[in-house]
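Just so you know, these numbers use all the heavy atoms, side chains as well, and skip hydrogens, waters and symmetry mates. Per chain, numbering begins at 1; letters A, B, ... match sequence-line order. Worth saying up front: this structure is predicted, and the values here are computed from it rather than measured.
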Amino acid sequence: MNYWLVKSEPKKYAWEKFLHDKKTFWDGVRNYQARNNLKAMKKDDQVLFYHSNEGLCVVGIAEVIKEFYQDPTTDDKQWVVVDLAPLQSFESPVTLEQIKADSLLANVALIRQSRLSVMPLSADEFNRIIALGN
DNA sequence: GCCAACGTTGGC
DNA sequence: GCCAACGTTGGC
């Protein structure tokens, strides 16, 4: 089992819409590193959902329900999507501020590589953020 | 709305 | 293959 964090601007695709949709394909990734992370996702991997630009917090957990396939929104074969479904909303969203302030989370890519939109987390980091959110 | 960080593009 | 110019992301 691997753990991930994905970013979405609430204006483009908010957690609330995700809950309503029940599942979504994660499109729009146009960065090689993020794309490679999408390709590394396995079914049942768990994915934290982060609101960027507005909110600036991790709002819930999703799971991978379908592994990568060609991005249906483009003909360019190099881009892929995965299917995600919501698992659980956080009781209290975990803010970027909290993550920055937590010594266990000092190395997460969210902080170190702020522009990366799909990133891996260690099990420890994942569990720590879950603990902060519930 | 600004700007720093950083990925990509294109001329040489 | 280097590097300057440019575009995009995302925190503030």
Side-chain angles (χ1 to χ4, degrees):
Chain A
M1 168 89 71
N2 290 306
Y3 303 96
W4 309 92
L5 182 148
V6 296
K7 291 180 184 174
S8 179
E9 295 183 34
K11 272 187 186 162
K12 291 184 182 159
Y13 195 82
W15 176 253
E16 292 71 24
K17 177 157 173 38
F18 186 37
L19 286 178
H20 181 259
D21 289 349
K22 305 284 201 300
K23 67 170 205 172
T24 191
F25 56 87
W26 203 259
D27 68 331
V29 171
R30 295 291 181 271
N31 165 286
Y32 292 108
Q33 202 179 345
R35 191 273 316 266
N36 291 342
N37 288 332
L38 281 185
K39 285 188 168 184
M41 287 185 186
K42 297 294 179 196
K43 193 171 181 309
D44 300 330
D45 278 359
Q46 304 210 339
V47 182
L48 296 179
F49 191 115
Y50 175 78
H51 275 169
S52 63
N53 272 313
E54 292 172 43
L56 307 186
C57 54
V58 180
V59 288
I61 312 170
E63 69 178 337
V64 178
I65 56 171
K66 186 174 179 189
E67 291 174 17
F68 79 91
Y69 55 98
Q70 153 118 40
D71 186 337
T73 65
T74 176
D75 289 333
D76 193 337
K77 293 216 169 47
Q78 68 179 322
W79 303 119
V80 301
V81 299
V82 297
D83 285 357
L84 299 179
L87 261 190
Q88 183 199 333
S89 296
F90 279 174
E91 303 267 325
S92 53
V94 180
T95 64
L96 181 63
E97 216 169 37
Q98 280 177 279
I99 292 170
K100 279 184 173 172
D102 195 305
S103 59
L104 293 177
L105 300 172
N107 291 320
V108 298
L110 188 66
I111 299 168
R112 299 181 57 197
Q113 218 181 331
S114 67
R115 293 184 51 204
L116 186 61
S117 61
V118 181
M119 66 196 74
L121 292 176
S122 71
D124 285 347
E125 290 162 350
F126 180 85
N127 289 325
R128 178 61 180 164
I129 294 173
I130 302 289
L132 291 172
N134 286 310

- Between the side chains of A/Tyr13 and A/Asp21, does any donor sit under 3.5 Å from an acceptor? yes
- Rounded to the Å, how far apart are A/Arg112 CZ and C/dT9 C1'? 19 Å
- Query: C/dT9 P sits how many Å from A/Gln33 CD, rounded?
  - Reply: 15 Å
- Output yes when A/Asp27 and A/Lys12 qualify as a salt bridge under the 4.0 Å nitrogen-oxygen rule, no when they do not. no
- When rounded to the nearest 0.5 angstrom, what is the spacing between NZ in A/Lys39 and CD in A/Glu67? 13.0 Å
- Gap between atoms CH2 and C1', on A/Trp79 and B/dT8 respectively (whole Å): 10 Å
- Query: Does A/Gln113 put a side-chain nitrogen or oxygen below 4.0 Å from OP1 or OP2 of C/dT9?
  - Reply: no
- Just how far, in rounded Å, is P of C/dT8 from NZ of A/Lys12? 10 Å
- Message: A/Trp26 and ring pair (Phe, Tyr, Trp, His ring centres under 6.0 Å): which single residue from A/Phe49, A/Tyr69, A/Phe68 fits?
- Response: A/Phe49
- Give a yes-or-no answer on whether the side chains of A/Glu9 and A/Asn53 include a donor-acceptor pair shorter than 3.5 Å. yes
Show the distances under 3.5 angstrom between N or O atoms of the protein and N or O atoms of nucleotides 10-12 of chain C.
unit_1, atom_1, unit_2, atom_2, d
C/dG10, OP1, A/Lys7, NZ, 3.4
C/dG10, OP1, A/Arg115, O, 3.4
C/dG11, OP1, A/Tyr50, OH, 3.1
C/dG11, OP2, A/Asn53, N, 3.0
C/dC12, OP1, A/Lys100, NZ, 2.5

- Measure from OH on A/Tyr32 to C1' on B/dC6 and round the result to the nearest Å. 15 Å
- Distance-only donor-acceptor check, side chains A/Asp76 and A/Gln78, under 3.5 Å: yes
